[in-house]
Each structure stands twice: as C-alpha cells, then as structure tokens.
Amino acid sequence: MSSRDTDWDGVRLHVVTGKGGTGKTTVAAALALALAADGRKVLLVEVEGRQGIAQVFDLPPLPYEERRVAVAPGGGDVYALAVDPEEAMLEYLEMFYGMRRAGRALSKMGIVDFATTIAPGFRDVLVTGKTTEAVRRKGKDGRRIYDAVVLDAPPTGRIVRFLNVTNEVAGLARVGPIKNHADLVSGVVASPETAVHFVTLLEEMPVQETLDGITELRGAGLPAGGVFTNMVRTSGLPEAALDAAAAGRFDPMELALGLKAAGLADGDPNAAALAEALAQEISEHARRTELERQERVSLDAAGRPRYELPLLPDGVDLAGLYELAESIRAQGAA
Ligand SMILES: Nc1ncnc2c1ncn2[C@@H]1O[C@H](COP(=O)(O)OP(=O)(O)OP(=O)(O)O)[C@@H](O)[C@H]1O
Ligand SMILES: [Mg+2]
C-alpha cells in the first residue's frame with residue numbers, strides 16, 4: 001500500500017449526496033474504486049433499496065451481505081452492501097434484545113414495516129448504524145477492516161435529517177439502546193472522519209440545491225466534503241470563438257467560407273443556410289458554456305474542493321466507471 005496525499009486522507013466515511021439523477025450512485029461507485037486503488041479495501045453502501053450499485057457494476061441484485069464487487073486499479077477491493085432496513089432491524093433486535101426469532105415474527109406481522117414507517121428516524125438510524133458499524137469495525141490485529149466506507153446516500157433534500165439521527169430519535173428514545181445506537185452513529189458522522197460530498201451538474205437547480213445543502217449541513221454541525229461536478233461537457237471551441245459566439249458576434253459568412261474551404265459546401269446551394277444553422281448552434285453552445293462558467297463561480301464561493309467529471313458520451317459502463325475513478329484520483333479526491 002502506498003502512502004497518499006489526497007484531499008481526504010483522514011476520512012473514513014464518504015457520504016455522497018446530491019440532487020436526484022445527478023449521478024450520486026455513479027460517483028459513489030467511482031469514488032469507491034478510486035479509494036480502493038493500490039491494495040486498499042473499501043465498502044460501498046447503498047441505502048435506498050434500489051439496487052443501483054448492482055446496476056453500475058453490472059451484477060445481479062446484491063443480498064444483504066458484504067460482497068466483493070470489483071477490483072480496483074493497482075489491486076484493491078471494493079465490497080458492496082445493499083442495506084435493507086428490515087434486515088437491519090432484525091439484526092438490531094438480535095443485538096440488543098436477543099430477539100431475532102421474535103423479530104422475524106414481528107416482521108411477518110408487518111410490525112417492522114409499521115415501526116419504520118411511523119418513525120422514519122428509526123429507519124434511518126438502523127441504516128446509518130449499519131454503515132458506521134462498518135466504519136468502526138476492527139480486525140483481530142486492531143486495525144480497521146475497511147480503509148474507507150462510501151455511502152450512496154439519500155438526496156440533498158433529506159441528507160441532514162438522515163445523518164442527524166440523534167435529533168431524529170430524541171423523541172423516540174432519551175435513554176436505552178436506541179439512544180446509545182444513535183450516539184455511536186453521531187460519534188462517527190459528526191467527526192472529522194466523515195465527509196459529506198455533493199454531486200451536481202453545472203445547472204442552476206442542482207447548483208442551488210448544493211449550496212443550500214452545504215449551508216444546512218454546516219448549520220447542523222456536520223462535515224461538508226467536496227463538490228463533484230458531474231457530466232461536464234468539453235467545449236472543443238477556442239475561448240475567443242466562444243466569447244464571440246456568446247456575444248452574438250459569430251459571423252455566419254466567415255463560417256460559410258470556412259465550410260467552403262473545407263470542401264464541405266462545394267456547389268451546395270444551401271451552403272448559406274447550413275452556415276446559418278451551424279452559427280446558431282454555436283451561439284447556443286457558447287451561451288451554455290457561459291452559464292456553466294457562472295455556475296462554477298457560484299459553486300466555488302462555497303469554498304469546498306471541487307472536482308470535475310466528464311460526461312461519458314456512451315453512458316456509464318464498467319470501463320466508464322474506471323475512467324471516472326481515474327479522473328477522481330488524478331484530481332486528488334482519492
Ligand atoms: N459522467 C457521466 N457521464 C454519462 N452518464 C452519466 C454520468 N454520470 C451518471 N450518468 C448516468 O446518469 C444516470 C443517473 O446516474 P445515477 O443513477 O448515478 O444518478 P443518481 O443521482 O444516483 O440517481 P437517483 O437520484 O435516481 O438515485 C445514469 O443513467 C448514469 O449512467
Ligand atoms: Mg442513485
């Protein structure tokens with residue numbers, strides 16, 4: 001194992017949140033691969049019961065069990081776990097009351113569902129409890145089993161409630177095992193061993209949600225991590241051309257001449273129309289690039305490390321996932 005110099009060297013729990021559909025699951029998986037590189041062991045945890053991790057690694061649905069799902073660059077293992085709140089509750093009853101069988105009966109009667117529905121804070125503490133247990137778990141040699149745990153977490157709108165379990169269960173339990181459990185969870189979550197990362201696109205809504213999320217997190221005394229700007233398009237056009245186009249100063253005539261010079265408009269009576277249409281697309285592209293620049297400025301004002309991940313033109317297959325992991329490493333996030 002090589003020593004590292006990354007932005008998150010002391011962090012053991014990486015929580016990945018963001019607006020729905022911005023790429024939380026994808027980025028969490030790529031981050032896990034990046035963190036596992038060169039002989040490390042990383043656990044990737046999913047909590048929403050949607051089997052997103054199995055999908056990104058192109059595997060059949062994951063059981064409620066830690067399983068090796070991928071080998072990282074340079075050797076190293078990514079394990080994955082899909083936390084099922086019901087199973088977590090049975091485990092919990094077993095752990096604190098020796099009631100696994102009774103628990104099964106309760107769950108058949110729908111009482112487990114009932115309990116976790118009327119008290120979502122309880123459901124969350126089971127899930128975060130399972131996650132922080134994996135963070136704290138040690139082997140016989142006294143060393144942590146996992147070098148890092150990555151949590152594919154609920155979206156921005158729910159993240160603070162989800163992580164702020166002590167508050168959420170305060171109404172349920174002031175003393176006793178639930179309270180102790182919640183205290184163990186906050187001991188990890190609110191510590192410098194945790195970083196809550198945000199995934200966003202360079203668009204107004206997800207950027208605003210990210211900024212609000214960071215503020216809310218800080219207000220709750222939880223550790224804000226980095227911002228992963230996902231699906232970034234590379235422009236390919238020179239700065240000067242973009243500026244001109246954004247200002248509507250792109251000259252279609254010049255473009256027509258260019259097309260002609262390239263032999264693309266030879267003898268085409270519609271060459272002028274083609275140039276006009278292209279010029280319009282270029283202006284549109286330039287406007288979007290300018291908006292993206294403004295979104296970057298807004299994000300940077302939050303003062304968090306920021307990483308950019310490219311839009312993979314063919315979508316995210318396994319090779320694409322490794323490509324994103326490589327990019328994460330190259331930028332020092334892992
Ligand atoms: N960098 C990328 N390049 C291309 N496609 C991407 C990229 N990142 C994510 N995607 C695609 O975008 C879609 C949404 O990604 P993902 O499922 O990771 O988002 P999510 O935030 O976890 O969504 P949800 O809120 O539904 O859980 C997926 O089809 C994924 O393959
Ligand atoms: Mg997801």
Side-chain angles (χ1 to χ4, degrees), residues 14-35 42-62 69-70 73 78 80-85 123-124 127-128 131 149-163 195-214 217 225-236 288-289 292 295-296 299 306-331 333-334:
H14 297 263
V15 179
V16 179
T17 185
K19 185 169 165 27
T22 53
K24 292 181 295 298
T25 303
T26 305
V27 172
L31 179 60
L33 272 176
L35 289 165
V42 173
L43 178 67
L44 175 59
V45 179
E46 156 172 70
V47 298
E48 301 255 87
R50 307 225 321 266
Q51 292 290 342
I53 292 178
Q55 267 177 40
V56 291
F57 285 104
D58 204 11
L59 294 169
L62 296 169
V69 293
V78 176
L81 171 70
V83 176
D84 172 45
R123 187 181 194 281
D124 288 348
V127 170
T128 50
T131 308
V149 175
V150 179
L151 176 62
D152 177 10
T156 327
R158 290 205 292 119
I159 192 67
V160 167
R161 282 195 70 168
F162 176 76
L163 294 174
V196 182
H197 306 299
F198 290 80
V199 181
T200 185
L201 309 178
L202 287 175
E203 290 168 11
E204 196 179 337
M205 293 275 288
V207 164
Q208 192 54 51
E209 231 180 78
T210 301
L211 297 173
D212 293 346
I214 292 173
L217 211 60
V227 175
F228 290 81
T229 312
N230 192 23
M231 306 194 209
V232 177
R233 296 185 202 79
T234 42
S235 156
R288 204 177 61 208
T289 306
E292 289 175 352
E295 299 306 342
R296 284 188 179 92
L299 285 173
R306 199 167 61 73
Y307 314 101
E308 298 219 345
L309 299 177
L311 173 74
L312 300 176
D314 302 321
V316 186
D317 57 5
L318 211 48
L321 207 56
Y322 282 87
E323 198 179 319
L324 296 178
E326 209 35 70
S327 170
I328 287 173
R329 286 225 291 164
Q331 295 175 72

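Indexing begins at 1, ligand by ligand and atom by atom, following the structure's order.
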Just going by heavy-atom distances, which of [options] is nearest to [atom]?
{"atom": "atom 18 (O) of ligand 1", "options": "V16, V232, T26", "result": "T26"}
{"atom": "atom 3 (N) of ligand 1", "options": "N230, V199, L312", "result": "L312"}
{"atom": "atom 25 (O) of ligand 1", "options": "E323, R50, R233, K24", "result": "K24"}

Provide the closest heavy-atom pair for [X] versus [Y] in the form atom of the first, atom of the second, distance.
{"X": "L321", "Y": "A30", "answer": "O-CB, 3.9 Å"}
{"X": "Q55", "Y": "R50", "answer": "NE2-O, 4.4 Å"}
{"X": "A28", "Y": "V150", "answer": "O-CG1, 3.6 Å"}
{"X": "A80", "Y": "V69", "answer": "CB-CG1, 3.6 Å"}
{"X": "E46", "Y": "G52", "answer": "OE2-N, 2.6 Å"}

Within a distance under 4.0 Å of any heavy atom of [X], pick out the atoms of ligand 1 and give their elements.
{"X": "G21", "value": "14 (C), 19 (O), 20 (P), 21 (O), 23 (O), 24 (P), 25 (O)"}
{"X": "G20", "value": "25 (O)"}
{"X": "L311", "value": "3 (N), 4 (C)"}
{"X": "T22", "value": "21 (O)"}

Note to self: Between ligand 1 and L324, is the shortest N or O to N or O distance under 3.5 Å?
What the structure shows: no
Check: Has R306 got more than 12 heavy atoms of other residues, nucleotides or ligands less than 6.0 Å from its CZ?
Finding: yes
Note to self: Other residues, nucleotides and ligands only: do more than 12 of their heavy atoms fall within 6.0 Å of CG on D58?
What the structure shows: no
For [atom], what is the closest protein heavy atom, and at what distance to 0.1 Å?
{"atom": "atom 17 (O) of ligand 1", "answer": "T25 CB, 4.2 Å"}
{"atom": "atom 12 (O) of ligand 1", "answer": "M231 CE, 3.5 Å"}
{"atom": "atom 6 (C) of ligand 1", "answer": "V316 CG2, 3.3 Å"}

Checklist line | Derivation of the salt bridge (Lys or Arg N to Asp or Glu O under 4.0 Å) call for E48 and R158 | finding: CA-CA 12 Å; E48 301 255 87; R158 290 205 292 119; 2.9 Å; yes
Item checked: Pair Q331, S327: side-chain N/O donor-acceptor within cut-off below 3.5 Å -> yes
Next item on the list: Indicate whether the side chain of T229 and that of R296 have a donor and an acceptor atom separated by less than 3.5 Å.
Entry: no
Notebook entry, point to check: When you check the space around the Mg ion (ligand 2), which protein N, O or S atoms turn up under 2.8 Å?
Noted result: T25 OG1
Part of [X] with heavy atoms under 4.0 Å of ligand 1, whether side chain, backbone, both or neither:
{"X": "P155", "result": "neither"}
{"X": "E48", "result": "neither"}
{"X": "D152", "result": "neither"}

Notebook entry, point to check: Heavy-atom contact under 4.0 Å between Q55 and ligand 1?
Noted result: no
Notebook entry, point to check: Is there a heavy atom of P310 sitting under 4.0 angstrom from any atom of ligand 1?
Noted result: yes
Next item on the list: Working to the nearest 0.5 Å, report the span between NE2 of H197 and NZ of K24.
Entry: 15.0 Å
Notebook entry, point to check: Considering all protein heavy atoms, does one lie under 4.0 Å from atom 29 (O) of ligand 1?
Noted result: no
Item checked: Verdict with reasoning, F162 to V47, per side chain to side chain contact (heavy atoms under 4.5 Å, CB included) -> CA-CA 11 Å; F162 176 76; V47 298; 4.3 Å; yes
Next item on the list: Please state whether the rings of Y307 and F228 are parallel, tilted or perpendicular, taking 30° and 60° as the class boundaries.
Entry: tilted
Margin query: My understanding is that only one of I53, V15, V83 makes a side chain to side chain contact (heavy atoms under 4.5 Å, CB included) with V45; could you say which?
Written below: V83
